[in-house]
2 protein chains.
Amino acid sequence: MKPIQVGLLGIGTVGSGVFNVLQRNQEEIRRRAGRGIEIAMVADLDVERARAIVGSGVQVVQDARAVIANPEIDIVVELIGGYGIAKALVLEAIAAGKHVVTANKALLAVHGTEIFAAASAKGVMVAFEAAVAGGIPIIKALREGLTANRIQWLAGIINGTTNFILSEMRDKGLDFDVVLKEAQRLGYAEADPTFDIEGVDAAHKAAIMSAIAFGIPVQFDKAYVEGITQLAAADIKYAEQLGYRIKLLGITKRTDKGIELRVHPSLVPSKRLIANVEGAMNAVVVQGDAVGSTLYYGKGAGSEPTASAVIADLVDITRLHTVDPLNRVPHLAFQPHTLDQAKDELPVLPMSEVVTSYYLRLRVADQAGVLAQVTGIVANAGISIDAVLQREADEVGGEGSTQTDLIILTHDTREGTMNDAIAQMQQLPTVLAPITRIRKEELN
Amino acid sequence: MKPIQVGLLGIGTVGSGVFNVLQRNQEEIRRRAGRGIEIAMVADLDVERARAIVGSGVQVVQDARAVIANPEIDIVVELIGGYGIAKALVLEAIAAGKHVVTANKALLAVHGTEIFAAASAKGVMVAFEAAVAGGIPIIKALREGLTANRIQWLAGIINGTTNFILSEMRDKGLDFDVVLKEAQRLGYAEADPTFDIEGVDAAHKAAIMSAIAFGIPVQFDKAYVEGITQLAAADIKYAEQLGYRIKLLGITKRTDKGIELRVHPSLVPSKRLIANVEGAMNAVVVQGDAVGSTLYYGKGAGSEPTASAVIADLVDITRLHTVDPLNRVPHLAFQPHTLDQAKDELPVLPMSEVVTSYYLRLRVADQAGVLAQVTGIVANAGISIDAVLQREADEVGGEGSTQTDLIILTHDTREGTMNDAIAQMQQLPTVLAPITRIRKEELN
């Protein structure tokens, strides 16, 4: 049988990985898929570089639309990134009846609903294993492997840059700014690291997984997003003393009121496997009602790990492209007509309605009665305290007074309630600096 | 569309889990699969108990063959276990044109080749996600998620009973016999624990994963199998001091000469994620050439975790049963006609040809020259030493002489070479007891 014909839009880091792995393992992949998979055409603005990668056997063009217009091409792989031209090209490829594979989480998080609807109407597949957690087959696990389960929650380290930075901060006791510069020097962080360090990239991925887990449309616009730029080395140290590590988690959870969808730094018990995921690695914990807790770990980025996911999608499409579309795995795991209804039943909750536990660090005057004042506010708000850590006084203020850090761990509390309590504590004259609040997840 | 009709053979722990999860999550599963999945008929020797589980809406019979003969049944789920009647029933179900789902690792490890050939000839699917690592979707990850990769090796904690025992031995410093009794009392070990503690169950699963990873037939008969019954608490303690934990690993690896397939206790660096998998949990690390190292973690047994995997298979078959068999995922990930050829190219190696590193514990007389004698033998054999740990003398022998433990860690060595060196060391008059040898895996 003739190999399935693939057109690549963009051949940078991931695209060259796809080309190289398909070349190197072509025998193995054919033995698995029962049919060859061939990159027949590549579009890239830098035609020279593209030619240098693919050699003379593959047609290289500058205009992506020439790939989409080519009737020989069965599958278009979009590796351009971003929401602009990538969106137009993906929709044009779908309109031309091509199946699409993409690694573009930003595009799917923001325009997924429109793209999946277009694909369903046209009867083509849009596959995106590479969009979340790189080479880890987490999309397949959620859509197929755990399909028997009512998913209760999932939580993931889904941004390698921030996990690298947090690992370094903990290992070396350094502050965020110092480690970020080091990460940029080593290539673990981009020149403009905003999307990573502000949590936006993680929120794109969390929004996609949330839709798959709970059968709702992708709703990135409803996600709460908080990055790691405000984290102090002191908090990492105190957390460690209390038996926790701080990780940037993407979390989505089903509650009776609706869906939680949030990205923020979280204290995680050190003994949890995910707390021990270090460096640029990714991991996702999924809690299902039948299976219990499962974890998936691997490289979340990089040329060949991401290519591994792209090619898995190519093989899936090669198998399924002749199948009645109704028998394929739905894009978001659930049949499309059931998504909007679920959205009404399971709205994404505002952050004030989220229930979690908290780590608070207060810079306070080291004098009698402070602890009673602070814990009094907490008690009056109906918030239950799990642990208190009071540091030795360590700093002499201007008039001979001393200061100290007061750390409080709470049990589960509604975020709105906690916001009010923090506002009250902040008003105390004995509280000398803005209160640090980090959420805590037991993940059990 | 009419729900797909499922017949259960055996409704014990896993069967009742399948029934309960399908009932509880039927709405969710229908939204995903696009079609209902219904248990229409159950066969069990204990008809009373079966009726008590499934109620009056489901036909219960004593004779499994009545399920197979029922033309309404689309999929037969075999949950009887063992190689005897289960084998006959699976082959009869295939002959009757039924798709089969099974959790029976022993059956597939020993008779997989025959069963998969029969299924291919008949054009039906045999799915077995539940046979390896319970609820963890590791079969799907290997067959589909990592399909782009040339798998280099995989290593798994794939027997919960032995991992529970090893975790308890380490935590409490107790010996094997004591912990086994405790595990039996708690229900973590069976009354006859032989298959678990001797490594046979892990080897069944490793043989299945080896076939899927490397595209060879299932060859349990070629596996090297060593259990945990000989492990002493002292070895666990010494390993810990050297930075390792001892786990019972199922390992399969591709080398230039052929395939390694082995189950034995292994020292694993404590910092590896898999070394921190405790209690009855399972985890598998897979190393692919493109994706690098990935890990999959979860419950490896139990009613609903195993049911989660069985139902995932039911959904897959529901989707794919109308598809041309050539477009389905092959049973062992590779197209069947390519397996036997690969077997010739990649034979399973005898244990003497395996290359790994070693932990040796020698009970020696505490006198001058012993270390030189022992390390001399090692050096003459061309074996490179990684570390030596010499304990303080701790025991007074009959004639006033003292004894001590000498621990040696080696670098990679051929097992045959190590066997010869151990035999020579054992001859030394200063070596006072049988030498303990545990293999060491860096897993990097």
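Chain identifiers are assigned alphabetically (A, B, ...) following the order of the sequence lines, protein sequences preceding nucleic acid strands; residue numbering begins at 1 within each chain.
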So which residue, A:Ala342, A:Ala33, A:Gly292, A:Ala290, ends up with the most heavy-atom pairs under 4.5 Å with chain B?
A:Ala290

Determine whether more than 12 heavy atoms belonging to other residues, nucleotides or ligands lie under 6.0 Å from atom CZ of A:Phe164.
yes

Please identify, among A:Ala148, A:Gly288, A:Ala307, the residue contributing the most non-hydrogen atom pairs under 4.5 Å to chain B.
A:Ala148

Just so I know, are the side chains of A:Leu79 and A:Leu8 near enough to count as touching, which here means a heavy-atom distance under 4.5 Å?
yes

Which atoms of A:Asp289 approach chain B - backbone, side chain, both or neither, heavy atom under 4.5 Å
both

Looking at B:Gly298, B:Gly145, B:Ser293, B:Gly302, which makes the most heavy-atom pairs under 4.5 Å with chain A?
B:Gly145

Just wondering, are more than 12 heavy atoms of other shown residues or ligands nearer than 6.0 Å to OH in B:Tyr188?
no

Counting heavy-atom pairs under 4.5 Å to chain B, which of A:Asn282, A:Leu339, A:Asn149 comes out on top?
A:Asn149

Does any backbone or side-chain atom of A:Asn25 lie under 4.5 Å from a heavy atom of chain B? Answer side chain, backbone, both or neither.
side chain

Are B:Met209 and B:Ile158 packed together at the side-chain level, in the sense that at least one heavy-atom pair is separated by less than 4.5 angstrom?
yes

Do B:Leu320 and A:Leu320 have side-chain heavy atoms sitting under 4.5 Å apart?
yes

Between A:Pro330, A:Ala283, A:Ser303, A:Gly17, which shows the greatest number of heavy-atom pairs under 4.5 Å with chain B?
A:Pro330

Name the option with the most non-hydrogen atom pairs under 4.5 Å to chain B; the candidates are A:Ala141, A:Gly34, A:Ala333.
A:Ala333

For the residue pair A:Arg143 and A:Phe128, would you count it as a cation-pi contact if the rule is NZ or CZ under 6.0 angstrom from the ring centre and within 45 degrees of the ring axis?
yes

Sort out for me which of B:Lys299, B:Arg328, B:Glu144 touches chain A most, counting heavy-atom pairs under 4.5 Å.
B:Glu144

For chain B, which of A:Ser308, A:Gly215, A:Gly134 has the most heavy-atom pairs under 4.5 Å?
A:Ser308

Between B:Arg150 and A:Glu27, does any NZ, NE, NH1 or NH2 come within less than 4.0 Å of an OD or OE carboxylate oxygen?
no

A:Thr322 versus chain B, heavy atoms under 4.5 Å apart: side chain, backbone, both or neither?
side chain

For B:Glu129, run the side-chain contact (heavy atoms from CB on, under 4.5 Å) check against B:Ile138, B:Asp316, B:Val310 and tell me which one passes.
B:Ile138

Toward chain B, the part of A:Ala309 with a non-hydrogen atom under 4.5 Å:
neither

Is A:Val329 close to chain B through its backbone or its side chain, or both, or neither, when contacts mean heavy atoms under 4.5 Å?
both

Sidechain N-carboxylate O distance under 4.0 Å for A:Arg245, A:Glu278
yes

When the 4.5 angstrom heavy-atom criterion is applied to A:Arg24 and chain B, the contacting part is side chain

Assert top hit (heavy-atom pairs under 4.5 Å, partner chain A, pool B:Val285, B:Leu273, B:Leu326) equals B:Leu273

Show the nearest heavy-atom pair for residues A:Val124 and A:His331, with the distance to one decimal.
O-NE2, 3.7 Å

Residue selection (most heavy-atom pairs with chain A, distance under 4.5 Å) from B:Thr318, B:Asn327, B:Ile311:
B:Asn327

